[in-house]
Amino acid sequence: MRAFILALSLAMASAHAAEPALSAADTGLLRAQVLLDRAHFSPGEMDAAFGSNMRQALRGFQKLNQLPVTGKLDAATWKELERDQSPVLEVYTLTAQDIAGPYAPVPADMAGKSRLAVLGYASLAEALGERFHCSPELLRRLNPGKKMKRAGEQLLVPNVAIIKPLPKAASVLVDAKEGTLTLLDAGGMPFAQFPASTGSKHDPLPEGRWQVRGVATNPEYRYNPKLFWDAKAGDTKARIAAGPNNPVGLAWIDLTIEHYGIHGTPEPGKIGKTQSHGCVRLTNWDVMQVVRSIARGATVLMQS
């Protein structure tokens with residue numbers, strides 16, 4: 001653990017930054033989350049905490065590398081993760097465009113959302129969190145005393161810009177029990193895994209073998225209350241503009257089963273932790289990786 005802390009401290013010193021408000025244990029967990037993310041075994045929204053998404057990411061990484069599948073950060077797993085020797089943090093300088101936004105609160109109800117011309121970010125912290133795959137709270141902990149209100153201010157952020165593009169996937173496996181979406185090559189071998197929300201008792205995951213019918217990025221959303229068991233009385237159909245805070249986020253992967261798809265979300269911190277209305281939800285950054293890896297006609301196997 002001492003080596004991990006030293007590596008982070010060196011990155012901070014080189015940026016002339018204050019020490020982050022993270023404990024020694026949290027620092028090690030953040031290091032592991034960044035390395036898992038760069039290995040294409042996403043822990044979801046990085047938060048320097050050990051939760052269910054991180055456990056599943058570790059299990060997937062261990063299976064791929066033929067390690068004991070413990071879901072724990074054991075010595076063998078650290079050794080394999082640390083084949084990636086690039087810094088886990090980088091310095092990001094805020095731009096005038098970052099500060100300008102625009103940013104605006106997003107209404108909770110569909111009627112309110114339908115009145116917006118774009119479903120953009122509510123704040124700079126939210127926008128930066130999505131860009132660097134982490135919670136706004138983690139950004140604050142990494143940058144104590146920083147106001148994030150002026151161009152030129154330097155921030156410590158997870159070093160995820162160097163993530164390599166994924167190869168093309170032959171098929172997709174969605175596992176409701178594990179809460180994961182896995183990309184497979186032509187030989188059926190997994191090479192990437194992402195945490196997913198996959199349905200509920202009211203809208204269970206449609207088990208079976210389906211295909212990708214098409215992909216839309218930055219899509220509009222057409223709300224139909226008749227399709228939702230928990231729609232509020234008086235709700236009417238609505239067109240919701242595109243944007244990262246659109247109900248389906250930055251992408252919609254249409255499947256050969258009516259009204260079902262794989263898509264992004266405006267609430268990345270809830271992925272793998274809350275239920276969905278039957279569709280498969282990923283963080284916006286993870287769904288964009290999946291979009292670039294699959295093509296129309298790819299097989300999607302759903303199981304629970």
Side-chain angles (χ1 to χ4, degrees), residues 1-9 11-12 19-90 125 128-130 132-144 156-160 163 175-182 190 192-198 265 267-276 281-286 289:
M1 183 65 73
R2 189 174 304 164
F4 311 149
I5 298 168
L6 176 60
L8 285 177
S9 299
M12 294 161 200
E19 181 131 0
L22 296 177
S23 69
D26 291 347
T27 300
L29 289 173
L30 175 57
R31 181 174 180 80
Q33 288 178 341
V34 174
L35 294 176
L36 284 165
D37 202 23
R38 294 203 306 232
H40 298 300
F41 283 80
S42 171
E45 184 182 68
M46 289 187 280
D47 56 4
F50 196 103
S52 58
N53 288 342
M54 185 172 178
R55 184 178 299 106
Q56 291 300 343
L58 284 167
R59 289 176 58 84
F61 180 81
Q62 289 164 341
K63 288 178 186 176
L64 177 69
N65 291 282
Q66 299 182 329
L67 300 172
V69 181
T70 64
K72 298 178 181 179
L73 277 167
D74 50 44
T77 303
W78 270 121
K79 182 178 179 180
E80 194 65 37
L81 282 171
E82 292 194 311
R83 293 182 185 277
D84 175 353
Q85 296 184 356
S86 296
V88 297
L89 296 180
E90 66 171 344
L128 293 175
E130 291 229 346
F132 298 109
H133 306 183
C134 65
S135 67
E137 176 60 24
L138 178 63
L139 280 180
R140 286 188 283 269
R141 294 175 67 196
L142 282 172
N143 297 280
L156 278 175
V157 298
N159 185 11
V160 295
I163 291 178
D175 191 311
K177 183 178 180 180
E178 299 290 335
T180 57
L181 180 149
T182 303
Q193 178 184 292
F194 309 93
S197 292
T198 59
T265 181
E267 299 180 296
K270 293 184 177 181
I271 292 300
K273 297 177 172 62
T274 59
Q275 298 178 327
S276 74
R281 284 188 287 134
L282 308 175
T283 66
N284 278 334
W285 55 89
D286 285 344
Q289 288 197 72

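- Taking the side chain as every heavy atom from C-beta outward, T77 and N65 never approach each other to under 4.5 Å.
- Formation of a donor-acceptor pair under 3.5 Å by the Q193 side chain with backbone atoms of T180 is not found in this model.
- With contacts defined as side-chain heavy-atom distances shorter than 4.5 Å, the pair L58/F50 qualifies.
- R55 pairs by the salt bridge (charged side-chain N to carboxylate O under 4.0 Å, His left out) definition with nothing, not counting sequence neighbours.
- Ionic pairing of E267 and R281 is not present here: no N-O contact between side-chain nitrogen and carboxylate oxygen is shorter than 4.0 angstrom.
- Judged by distance alone, the side chain of D286 and the main-chain N or O of P195 form no donor-acceptor pair under 3.5 Å.
- Two residues are said to be in side-chain contact when any heavy atoms from C-beta on lie closer than 4.5 Å; I163 and D37 meet this criterion.
- Between H133 and W285, the angle of the ring planes stays under 30°, which puts this pair in the parallel group of the 30/60° scheme.
- Between atom OG1 of residue T182 and atom CZ of residue F41 there is a gap of 7.5 Å, rounded to the nearest 0.5 Å.
- The shortest non-hydrogen separation linking L282 to F194 is CD2-CB, 4.3 Å.
- The shortest side-chain heavy-atom distance between H40 and Q289 falls under the 4.5 Å cut-off.
- Minimum heavy-atom separation, R83 to E80: NE-OE2, 2.9 Å.
- Summarising the geometry of P136 relative to A125, their closest heavy-atom pair is CG-O, 3.8 Å, with the distance given to 0.1 Å.
- In this structure, W78 and R31 have side chains that are in contact, with non-hydrogen atoms separated by less than 4.5 Å.
- Considering every non-hydrogen atom in both V34 and V88, the closest pair reads CG1-O, 3.7 Å.
- With sequence neighbours excluded, the residues that form a salt bridge (charged side-chain N to carboxylate O under 4.0 Å, His left out) with R140 are E137.
- Taking 4.5 Å as the limit, some side-chain heavy atom of L73 sits within range of a side-chain heavy atom of M54.
- A heavy-atom distance below 4.5 Å is found between the side chains of L139 and C134.
- Summarising the geometry, atom CG belonging to N53 is positioned 11.5 Å from atom CG belonging to L36; distances are rounded to the nearest 0.5 Å.
- At least one donor-acceptor pair closer than 3.5 Å links the side chain of N159 to the backbone N or O of P87.
- With rounding to the nearest 0.5 Å, the separation of OG in S52 from CD1 in I271 is 11.5 Å.
- The distance from atom OG1 of T283 to atom CD of E130, rounded to the nearest 0.5 Å, is 7.5 Å.
- A48 and L22 make their closest contact through CB-CD2, 4.3 Å (heavy atoms, listed as atom of the first residue, atom of the second, distance).
- Between the side chain of Q33 and the main chain of A49, a donor-acceptor pair closer than 3.5 Å is present.
- Under the 3.5 Å distance criterion, the side-chain polar atoms of Q62 are matched with a main-chain donor or acceptor of K72.
- Once rounded to the nearest 0.5 Å, the distance linking OG1 of T265 with CG of N284 reads 7.0 Å.
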- Message: Could you go through V157 and L142, starting from their C-alpha distance and side-chain angles, then the distance that decides it, and tell me whether this counts as side chain to side chain contact (heavy atoms under 4.5 Å, CB included)?
- Response: CA-CA 7 Å; V157 298; L142 282 172; 5.8 Å; no

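- Looking only at side-chain heavy atoms (C-beta outward), S86 and R38 come within less than 4.5 Å of each other.
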